[in-house]
4 protein chains.
Amino acid sequence: MPRNLLRDTQMREKRRRDILDAAASVFARRGLLTKIDDIAVEAGRSHGHVYSYFKSKEELLLAVIKRGQDIYGEQLQMALELEGKASDKFRYIASKVLSQESNADSYMVLLQAIFTDLLDDEEKQKIRQRGKMNRQLLIELIKEGQADGSVRQGDPIQLATLFATLIQNLMLLKIREYEPANETTIDLLIQMIGP
Amino acid sequence: MPRNLLRDTQMREKRRRDILDAAASVFARRGLLTKIDDIAVEAGRSHGHVYSYFKSKEELLLAVIKRGQDIYGEQLQMALELEGKASDKFRYIASKVLSQESNADSYMVLLQAIFTDLLDDEEKQKIRQRGKMNRQLLIELIKEGQADGSVRQGDPIQLATLFATLIQNLMLLKIREYEPANETTIDLLIQMIGP
Amino acid sequence: MPRNLLRDTQMREKRRRDILDAAASVFARRGLLTKIDDIAVEAGRSHGHVYSYFKSKEELLLAVIKRGQDIYGEQLQMALELEGKASDKFRYIASKVLSQESNADSYMVLLQAIFTDLLDDEEKQKIRQRGKMNRQLLIELIKEGQADGSVRQGDPIQLATLFATLIQNLMLLKIREYEPANETTIDLLIQMIGP
Amino acid sequence: MPRNLLRDTQMREKRRRDILDAAASVFARRGLLTKIDDIAVEAGRSHGHVYSYFKSKEELLLAVIKRGQDIYGEQLQMALELEGKASDKFRYIASKVLSQESNADSYMVLLQAIFTDLLDDEEKQKIRQRGKMNRQLLIELIKEGQADGSVRQGDPIQLATLFATLIQNLMLLKIREYEPANETTIDLLIQMIGP
DNA sequence: GATGAATGAGTATTCATTCAT
DNA sequence: AATGAATGAATACTCATTCAT
């Protein structure tokens, strides 16, 4: 009996996303030592299930990383398209990014993947390439801010790197209940890159 | 002929340090997936050798982390004792810390240990405690800078966190050959926390 | 409208045979490591399909073996019923058996099943029993040949075993493209058991 | 403390041989479905032990096969160097080969490896190459026999193949307690290739 | 002390089998 | 009936740790 192909495909897509969500959260908490079974349990499924969606743990890890980078890129893009001063867009980015726990998870996974020798160079290259694209968006915004006077002068590349570094690490600190990064922190951050 | 006990002890100390050095470098590169044998090879010894200096892989990891934090603390302490404006001391810290590759290794290990669920809470507490002590030194320096006018106003705790975050991540970027953090970067950093 | 029960049954029989064919060929090529899915793919069906015709992989394997033995037996029977000298019947058997690839497949599966500890003794007994029946046919033929002077003297059991051994292995060699067993080989074989 | 290097090496060699022996016997009985643990148990060791001598199950399998072929080759070589008629040498080979159980084990493993798709073509090529070398020895002997009148006329390649086939399969039959191949069988066999 | 053989708990992955659709 | 999603038992292989030499 033939099944409903459209629905089958949609269901499959959904389950794939469920696994990615579970994986991101567990990879973030247990690093690359995560067991496939941890992920399966988090997703409420058996480990065999995971393997019918991802060929290997490495493939799953790479998918998690890619998705995190893509989402981050979309958030940046959205900010760029707002009206107003560049500094307001930076503020928007900071509060947007800091408000979502999953960003911190993704970032933690990314850090480990990229600063570690555990992946092929080829895979690391792809990840870096996507990272560069995202940073390019920030660089544009820095330039915009330097033009409209809301961002200090200086090498846009370095300023973009410092800004990105700051918000990403604030995420980490926040999620691990170090220092709650609050509105004040964001103010401070904006001032630091301000003129 | 009695053995030279002092010398024996010194030799033992030295070999212990050799292992710690090897371990820090390998843990940094291969994360918590590091094998004892990787470390032994890096130290030019057999894996059995490692076990006559450290009871377990976890104990070795904790020792590596502690040593990294202690060294970082000493570097901060040294800066505090310099003569001059607080901002000059910050500059000194930045260039000192950035100049030593082993700091980046230690920081990477620390990050993984602390943002991961792989250690006991008890051990994580000790690590956080030492982290707090180091940050306290930075907080003092921030306050000193706010008094002498070389650091901007704002919550010293948050400023210290932001500063620490920046230099630690710059280390990582540098060591992984992302963006070479150079003197300009340090200038920028000092300006950012400046008034 | 009542379904055509006869036709349903025939269809079911046909699909069962399709699976057996697929299974024989895959078992022969991949041995007992064959996956149910390999067989399903070879049969152009899903693995679930296989299970609506055979309860388990073992049952399927046993069915494959049994069918191979039965077909071999029929081929021997047919030869026995021919007119002529026993040696002509041997020649007929040899060329008949060697001409069908599926015989080699069946024999390879049989070998593995029987010289291996992977089946129950009970199942192995059944297989051996059928093997004995087939060999009995050959023994009759040997005796017939000894009577009509076309086969050498000697223990008929041993001669039958040697003959069976030879044609079965020639099949294997042929199918794996070792030495093409041709008409000359058959001549030689007949001479060897000849007087 | 340095160890006795010579002795260490010898011990290692011996243990390697022990594993090969165990592996040959288990592979023969359980085919390619053999578990590494079966072998370890047979060798009276843990499965981890096996892995410090062979990198993988496949490597171990290949080593077992190679050793079996090498030993068979040596047995043939020895026969060739005897004094006397070729048919006596054949008789010697037959009784020599049939007297050692391990030959049957090796042959069974070889059969499965070579008639199955489970190994790389490259590995299969190596195995076939060694097989050819061994058969070449038999071919020489056939020719010798045709010259001294103790072997029937006919294509030496085919005669060698038939002879090899016969003794190898007799081994199998014998070891699985089918038909005890006894002196009579060998007589028969010699007569069959005789003039 | 130093080595590396040996063990066995732990983990990624596969695949027979079941069963809802 | 036919499919393929889901499960979990089974198994290859790894690696921390121990310990005899």
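- Applying the 3.5 Å distance criterion, the base of F:dC13 shares a donor-acceptor pair with the side chain of D:His47.
- Rounded to whole Å, the distance from CG on A:Leu32 to C1' on E:dA12 is 15 Å.
- Between B:Asp38 atom CG and F:dT17 atom C1' there is a gap of 16 Å when expressed in whole angstrom units.
- Secondary-structure annotation of DNA chain F gives the stems E:2-21 with F:2-21, with a stem taken as at least 3 successive Watson-Crick or G-U pairs whose two distances both fall under 3.5 Å.
- For B:Lys35, the side-chain atoms get nearest to F:dA16 when compared with the rest of F:dA2, E:dA6, F:dA16.
- Using a 4.0 Å cut-off on heavy atoms, the residues of residues 49-58 of chain C that approach DNA chain E are C:Tyr51, C:Ser56, C:Lys57, listed by number.
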* To do: Could you give me the CA-CA distance, side-chain angles and deciding distance for A:Arg12 and A:Arg17, then say whether side chain to side chain contact (heavy atoms under 4.5 Å, CB included) is met?
  => CA-CA 9 Å; A:Arg12 206 173 161 80; A:Arg17 274 196 313 275; over 6 Å; no
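- A salt bridge links A:Asp70 with A:Lys66: at least one charged nitrogen is closer than 4.0 Å to a carboxylate oxygen.
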* To do: Could you give me the CA-CA distance, side-chain angles and deciding distance for B:Asp18 and B:Lys14, then say whether salt bridge (charged side-chain N to carboxylate O under 4.0 Å, His left out) is met?
  => CA-CA 6 Å; B:Asp18 287 348; B:Lys14 180 188 177 319; 2.7 Å; yes
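- For the pair A:Arg45 CZ and F:dG4 C1', the computed distance is 14 Å after rounding to whole Å.
- In this structure, CD1 of C:Ile39 is placed 13 Å from P of E:dC15, rounded to the nearest angstrom.
- Protein atom CD1 of C:Ile36 is 14 Å distant from nucleotide atom C1' of E:dT14, rounded to whole Å.
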* To do: Kindly determine whether B:Lys57 and B:Leu32 satisfy side chain to side chain contact (heavy atoms under 4.5 Å, CB included), including the steps that lead there.
  => CA-CA 10 Å; B:Lys57 185 164 129 174; B:Leu32 301 184; over 6 Å; no
* **Trace of the side chain to side chain contact (heavy atoms under 4.5 Å, CB included) decision for D:Asp37 with D:Val50** => CA-CA 9 Å; D:Asp37 201 57; D:Val50 174; over 6 Å; no
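- Ion pairing between B:Arg29 and B:Glu42 holds under the 4.0 Å rule for side-chain N and carboxylate O.
- Closest approach of A:Ala22 and A:Ile39 over heavy atoms only: CB-O, 3.8 Å.
- Salt bridge status for C:Asp121 with C:Lys126: absent, with no side-chain N to carboxylate O gap under 4.0 Å.
- For the atom pair CD of D:Gln69 and CD1 of D:Ile65, the computed distance is 7.0 Å after rounding to the nearest 0.5 Å.
- Residue-to-nucleotide proximity on DNA chain E shows that, of A:Asp37 and B:Ser46, the 5′-proximal contact is made by B:Ser46.
- For the atom pair B:Arg30 CZ and B:Asp38 CG, the distance stands at 5.5 Å (nearest 0.5 Å).
- Along DNA chain F, the nucleotide closest to D:Thr34 and the one closest to B:Gly48 are compared, and the more 5′ of them pairs with D:Thr34.
- We find that CG of C:Leu118 is positioned 15 Å from P of F:dA10, with the value rounded to whole Å.
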* **ring pair (Phe, Tyr, Trp, His ring centres under 6.0 Å) between D:Tyr53 and D:His49, worked out** => CA-CA 7 Å; D:Tyr53 290 84; D:His49 181 83; 4.9 Å; yes
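- Contacts between residues 10-19 of chain B and DNA chain E, defined by a heavy-atom separation below 4.0 Å, involve B:Arg12, B:Arg15, listed by number.
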